[in-house]
Amino acid sequence: MKRIQRIVVGTDFSEIAERAVDHAVDLAKAVGAAVTLVHAYELPALALPDGVVGASLEFSNQLATEGLKRLEAAAAKRKDSGVALTTLLRLGAPWDELNTVAAEQQADIIVVGTHGRRGLSRALIGSVAERLVRTAYCPVLVVHAGVPAS
């Protein structure tokens with residue numbers, strides 16, 4: 001098995017994502033890897049009969065600013081871990097952006113949390129983790145909601 005040197009971990013700042021970040025940091029500490037913490041987001045759009053209405057520039061900027069603040073807070077929370085941790089904000093479909101970042105950084109593994117949806121909500125909403133697993137550049141570690149953080 002190839003030595004793990006680069007880990008990409010995705011976050012939407014949920015409790016489950018926080019667990020995934022903690023698992024990624026623990027793994028990085030154990031194997032001496034670096035971690036890139038990624039938050040990817042999509043701009044909301046509303047489909048109307050006459051076309052699509054997208055988010056305003058002001059709202060888009062607010063989303064980016066808030067995303068950056070929360071990424072920095074997540075990194076700061078883990079600054080004493082001894083792990084080299086960088087942050088990256090991306091605009092786009094989270095599963096696609098995580099895969100792109102992993103490829104760009106030649107990551108050895110991607111870590112992501114899952115919301116554990118079932119049935120109709122899973123079918124209608126889809127799953128970032130599931131789509132990522134199906135298209136991933138590299139192996140993916142999926143942290144389920146029931147897995148406690150260390």
Side-chain angles (χ1 to χ4, degrees), residues 1-45 52 54-117 121-150:
M1 182 167 114
K2 181 180 171 186
R3 182 174 174 263
I4 296 175
Q5 297 176 350
R6 292 179 196 86
I7 300 170
V8 169
V9 58
T11 184
D12 61 3
F13 310 113
S14 66
E15 181 181 330
I16 298 160
E18 284 293 300
R19 289 180 189 168
V21 174
D22 288 339
H23 280 279
V25 169
D26 287 348
L27 176 60
K29 191 183 311 182
V31 299
V35 173
T36 301
L37 178 58
V38 180
H39 174 62
Y41 67 100
E42 295 180 276
L43 294 176
V52 176
S56 69
L57 182 57
E58 181 181 340
F59 184 70
S60 299
N61 289 338
Q62 286 176 342
L63 283 177
T65 299
E66 184 64 23
L68 285 171
K69 283 181 191 176
R70 293 182 80 179
L71 272 173
E72 291 305 318
K77 180 179 173 183
R78 294 159 177 93
K79 71 178 179 174
D80 295 331
S81 67
V83 171
L85 183 70
T86 58
T87 60
L88 188 57
L89 181 71
R90 287 291 185 101
L91 175 60
W95 65 272
D96 191 35
E97 293 302 323
L98 285 169
N99 205 16
T100 299
V101 170
E104 289 170 355
Q105 297 191 0
Q106 297 180 334
D108 300 300
I109 192 167
I110 301 169
V111 180
V112 66
T114 180
H115 287 287
R117 291 184 181 100
S121 69
R122 179 172 167 238
L124 293 176
I125 296 170
S127 167
V128 170
E130 184 178 342
R131 290 186 86 173
L132 184 61
V133 166
R134 286 187 287 145
T135 62
Y137 160 84
C138 61
V140 178
L141 171 62
V142 178
V143 179
H144 191 272
V147 177
S150 58

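Small disclaimer: the values here were computed from a predicted structure and weren't measured.
Across every non-hydrogen atom of Val31 and Arg3, the tightest pair is O-NH2, 3.4 Å. A pairwise comparison of heavy atoms in Ala129 and Val142 identifies CB-CG1, 4.1 Å as the closest pair. Across all their heavy atoms, Leu63 and Tyr41 have their closest contact at CB-CE1, 4.0 Å. Scanning all heavy atoms of the two residues, the minimum distance from Leu37 to Ala74 falls at CD2-CB, 3.6 Å. When every heavy atom of Val143 is checked against every heavy atom of His23, the shortest pair comes out as CG1-CD2, 3.6 Å. In this structure, Tyr137 and Ala102 approach most closely via the heavy-atom pair CE2-O, 3.5 Å.
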Item to complete: Test side chain to side chain contact (heavy atoms under 4.5 Å, CB included) on Glu130 and Thr114 and set out the steps.
Response: CA-CA 8 Å; Glu130 184 178 342; Thr114 180; over 6 Å; no
Worksheet item: Should Thr11 and Leu71 be marked as a side chain to side chain contact (heavy atoms under 4.5 Å, CB included) after you check the CA-CA gap, both sets of side-chain angles, and the distance that decides it?
Response: CA-CA 9 Å; Thr11 184; Leu71 272 173; 4.2 Å; yes
Item to complete: Mind running side chain to side chain contact (heavy atoms under 4.5 Å, CB included) on Arg90 and Thr100 for me, showing each step along the way?
Response: CA-CA 10 Å; Arg90 287 291 185 101; Thr100 299; 3.9 Å; yes
Discussion item. With salt bridge (charged side-chain N to carboxylate O under 4.0 Å, His left out) as the criterion, how do Arg131 and Asp96 come out once you've worked through the C-alpha distance, each side chain's angles and the decisive distance to 0.1 Å?
Written reply: CA-CA 8 Å; Arg131 290 186 86 173; Asp96 191 35; over 6 Å; no
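For Ala73, the side-chain contact (heavy atoms from CB on, under 4.5 Å) test picks out no residue, with sequence neighbours left out. Listed by chain and residue number, Leu89 satisfy the side-chain contact (heavy atoms from CB on, under 4.5 Å) test with Leu68 (two or more places apart in sequence, or in another chain). Every residue two or more places apart in sequence or in another chain that forms a side-chain hydrogen bond (donor to acceptor under 3.5 Å, both in side chains) with Glu15 is listed here: Arg19. Asp12 is linked by a side-chain contact (heavy atoms from CB on, under 4.5 Å) to Ser14, Ala17, His115, counting only residues two or more places apart in sequence or in another chain. For Thr65, the side-chain contact (heavy atoms from CB on, under 4.5 Å) test picks out Lys69, with sequence neighbours left out.
Between His39 and Pro94 the shortest side-chain heavy-atom distance does not fall below 4.5 Å. Side-chain atoms of Lys77 and Val21, non-hydrogen and from C-beta on, never get closer than 4.5 Å to each other. Ile110 has its side chain within reach of Cys138: a pair of non-hydrogen atoms, C-beta onward, lies under 4.5 Å apart. Contact check for Asn99 versus Leu132: side-chain heavy atoms found under the 4.5 Å cut-off.
Taking 4.0 Å as the cut-off between side-chain N and carboxylate O, Glu104 and Arg6 do not count as a salt-bridged pair.
The stretch residues 80-89 participates, sequence neighbours left out, in these side chain to side chain donor-acceptor pair (under 3.5 Å) pairs: Thr36-Thr86, Glu72-Thr87.
Distance check, rounded to the nearest 0.5 Å: CD1 of Ile7 to CG of Leu141 gives 9.0 Å.
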